Amino acid sequence: MGSILMDVQPSIIKYANIISKVLKVDVEIADSNLIRVAGTGSYSKLVNMSLEKQGYVYKNAIETGSAKIIKEPGKSSICLKCQKRDNCEEKFEVCTPIKLGSKIIGVIGLICFTDEQKNHLLSDFDTYMEFLQQISEFISITAYERKEKMREQTLLKSLNQVIDKMDKGVIILSSSNKVTHINKRAVEMLNFQNINFKDDINLHEIGKGDGRAKEFLLEIDKRSFTVLGDIYTMGLKENQFERMFIFNENKSSNQQNISKKAAKCDDILGNSQIINEIKRNIKRIAPSRSTVLITGESGTGKELFAMAIHNEGDRKDGPFVAINCAAIPNELLESELFGYVKGAFTGALSSGKIGKFELANKGTIFLDEIGDMPLNLQTKLLRVLQDHKIVKIGSNTPIDIDVRVIAATNKDLLKLIEQNKFREDLYYRLNVIPFNIPPLRQRIEDINILVWYFIEKYTKLLEKKFSSIDIDSKVFDIFYGYDWPGNVRELENTIEYMINMMDNDGKITVDILPRSILNKKSKEHDGEEEIHRIEELEKNEIIKALKKYGNTTQGKRIAAQKLGIGIATLYRKIDEYGLSN
Ligand SMILES: Nc1ncnc2c1ncn2[C@@H]1O[C@H](COP(=O)(O)OP(=O)(O)OP(=O)(O)O)[C@@H](O)[C@H]1O
């Protein structure tokens with residue numbers, strides 16, 4: 001039977017030798033099974049042997065948990081059962097238990113065979129006993145550390161087993177960014193032939209992702225991937241298991257971080273006049289190379305519109321590379337955008353790095369949250385827009401690039417210019433083709449189509465099965481009256497929440513609306529009194545009424561009545577506001 005002291009036997013032998021040298025006596029250390037773990041002098045040859053038949057003093061110390069001093073070995077009552085009692089060679093014996101918490105895990109015995117040894121020990125007995133006590137505590141700490149290490153190893157072993165069974169990619173990183181463990185799924189997803197990675201791994205959060213997971217740029221073994229995932233701190237095993245990165249989807253399976261989605265105008269949902277006009281304009285300007293600036297509140301779909309511009313034009317077969325300027329630390333943004341040559345700075349990858357501009361060559365780069373770009377980079381960006389050339393960090397050689405730039409922001413760039421936070425010349429360079437995506441509350445006629453689209457998306461995604469789905473008209477009333485500060489993204493999250501909360505009857509009712517919407521439904525956006533144009537209010541009321549009572553003749557008659565206008569006026573206004581479909 002093993003024991004914790006046996007597990008750290010080499011250290012125990014060292015401790016026995018130290019005690020023996022200092023106290024000039026022979027030393028034995030036994031574990032709680034009375035197996036000799038260490039011994040000095042003649043006992044060194046008897047290590048690993050059982051003391052069952054003669055270790056009565058030790059047994060007593062283990063059972064009582066207290067030190068024993070045997071002044072006349074063989075004659076003490078403890079020695080009664082010992083076979084060697086009558087011809088005991090020992091002159092003096094002291095033993096002290098080794099405790100780990102409340103448990104006795106072994107015993108240290110000091111044995112004097114000569115009077116000289118005995119006299120030496122007794123000459124300063126209290127100090128020597130204190131020393132012995134100290135060593136006993138050191139042994140106890142060594143055993144504790146070992147126990148913890150073993151516990152951690154067992155834990156890590158089972159953790160690795162669980163990780164290997166996961167259907168998500170998992171990479172465990174050390175504090176120095178080396179791969180400690182990579183699961184099978186990650187190897188498959190990233191298509192690795194060999195998992196003995198020599199270089200450090202680079203992992204940067206570069207975007208908000210899809211709302212559930214963040215977007216990361218993963219650089220490993222001279223390859224880059226854009227993946228959706230999350231990092232969890234572990235802090236285990238002496239920094240070997242520092243962080244765990246769990247990821248879902250490799251957005252770019254090739255060696256470059258190009259996220260190429262084929263969203264086109266038809267993927268932009270909505271039938272409002274303004275959305276239709278934007279879609280028409282996208283088709284018009286898609287073939288050109290002119291820079292586009294998309295403005296609009298967060299969640300209005302700016303990236304979707306940018307992708308549509310890319311995919312409706314001649315560059316559709318080229319890459320669409322998106323970068324979120326706000327999500328990347330300033331000091332990394334330059335190298336993300338322009339790349340660097342090998343040896344450009346300490347910590348640089350030995351292979352150098354290709355920047356997003358180069359990756360986007362012959363395609364489109366989407367610079368999201370451009371308002372957050374630091375001023376020094378704004379200057380560099382301006383130069384790129386003027387010269388169509390980039391210069392990598394650490395290099396002097398300009399590289400020609402053919403990239404269309406689409407920038408987006410939810411900030412007021414003119415205000416930033418006033419505050420000297422955004423370059424005016426860059427603003428005009430970017431704003432060649434401006435698109436402003438109106439907030440959802442200003443195009444509530446798009447809500448219906450978006451709601452049904454997201455219902456379909458999330459019933460499929462969440463594997464919910466309904467024979468049919470019915471939405472209470474009160475839900476739409478609340479949706480039409482709500483401000484949607486988070487715009488389409490908020491609507492999407494709301495529907496996802498409601499699909500989760502729905503009963504099996506397929507009914508979407510007010511009682512499963514998220515609290516945030518129920519509580520805020522009538523609050524003005526941002527807490528400010530927002531002023532709407534009269535026509536906008538009128539149009540929205542007509543849309544609400546038509547949604548509520550239906551587009552049939554009968555529905556229109558009720559709508560007109562509720563709106564307090566004549567049926568002819570309603571028809572005229574429907575025409576005027578382009579609401580006939
Ligand atoms: N008209 C639309 N049709 C279909 N989906 C849309 C539409 N508008 C937005 N979405 C969806 O809403 C979500 C948010 O859109 P997106 O990320 O493009 O917004 P954004 O304006 O770029 O936000 P931010 O300013 O916060 O970066 C995405 O899942 C997007 O596909």
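Ligands are counted one by one from 1 in listed order, and the atoms in each one are counted from 1 as well. Here the structure is a predicted model, which means the values were calculated and not measured. The chain is numbered in sequence order, starting from 1.
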Numbered atoms of ligand 1 (with element) below 4.0 Å of [X], judged on heavy atoms:
X      : result
Asn410 : 25 (O)
Leu304 : 2 (C), 3 (N), 4 (C), 5 (N), 6 (C), 7 (C), 8 (N), 10 (N), 18 (O)
Asp368 : 27 (O)
Asp267 : 3 (N), 4 (C)

I want to know if ligand 1 touches [X] in the polar sense, i.e. an N/O pair below 3.5 angstrom.
X      : result
Glu303 : yes
Leu450 : no
Gly299 : yes
Leu269 : yes
Glu369 : no
Tyr453 : no

- Item | Carboxylate-amine/guanidinium contact Asp402 Arg315, below 4.0 Å |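 Yes, Asp402 and Arg315 are salt-bridged.
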
- Query: For atom 19 (O) of ligand 1, which candidate among Gly301, Ser298, Ala327, Ala322 provides the closest heavy atom?
  - Reply: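 Looking at heavy atoms only, Gly301 sits closest to atom 19 (O) of ligand 1.
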
- Task: Would you please classify the geometry between the Tyr480 ring and the Phe476 ring as parallel, tilted or perpendicular, with 30° and 60° separating the classes?
- Result: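 Phe476 vs Tyr480 ring planes: parallel.
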
- Task: Take the angle between the ring planes of Phe247 and Phe245 and call it parallel below 30°, perpendicular above 60°, tilted in between.
- Result: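 Aromatic pair Phe247/Phe245 classed parallel.
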
- Sub-4.0 Å heavy-atom approach of Ile275 to ligand 1: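 The answer is no: ligand 1 sits nowhere under 4.0 Å from a heavy atom of Ile275.
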
- Message: Would you say that Ile294 contacts Asn436 through its side chain, given a criterion of any heavy-atom pair below 4.5 Å between the two side chains?
- Response: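 No. Closest side-chain heavy atoms not under 4.5 Å.
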
- Taking C-beta and beyond as the side chain, do Leu382 and Arg429 meet within less than 4.5 Å on heavy atoms?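 Leu382 vs Arg429: side chains touch.
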
- Message: For Met373, is there any backbone N or O sitting under 3.5 Å from a side-chain donor or acceptor partner on Gln378?
- Response: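 At least one qualifying donor-acceptor pair exists.
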
- Counting only N and O atoms by type, is there a donor-acceptor contact under 3.5 Å from the side chain of Arg404 to the main-chain atoms of Ser288?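 Yes, Arg404 side chain to Ser288 backbone: donor-acceptor pair under 3.5 Å.
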
- Message: Taking the ring of Phe338 and the ring of Phe357, is the distance between their centroids below 6.0 Å?
- Response: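 For Phe357 and Phe338, the ring centres are under 6.0 Å apart.
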
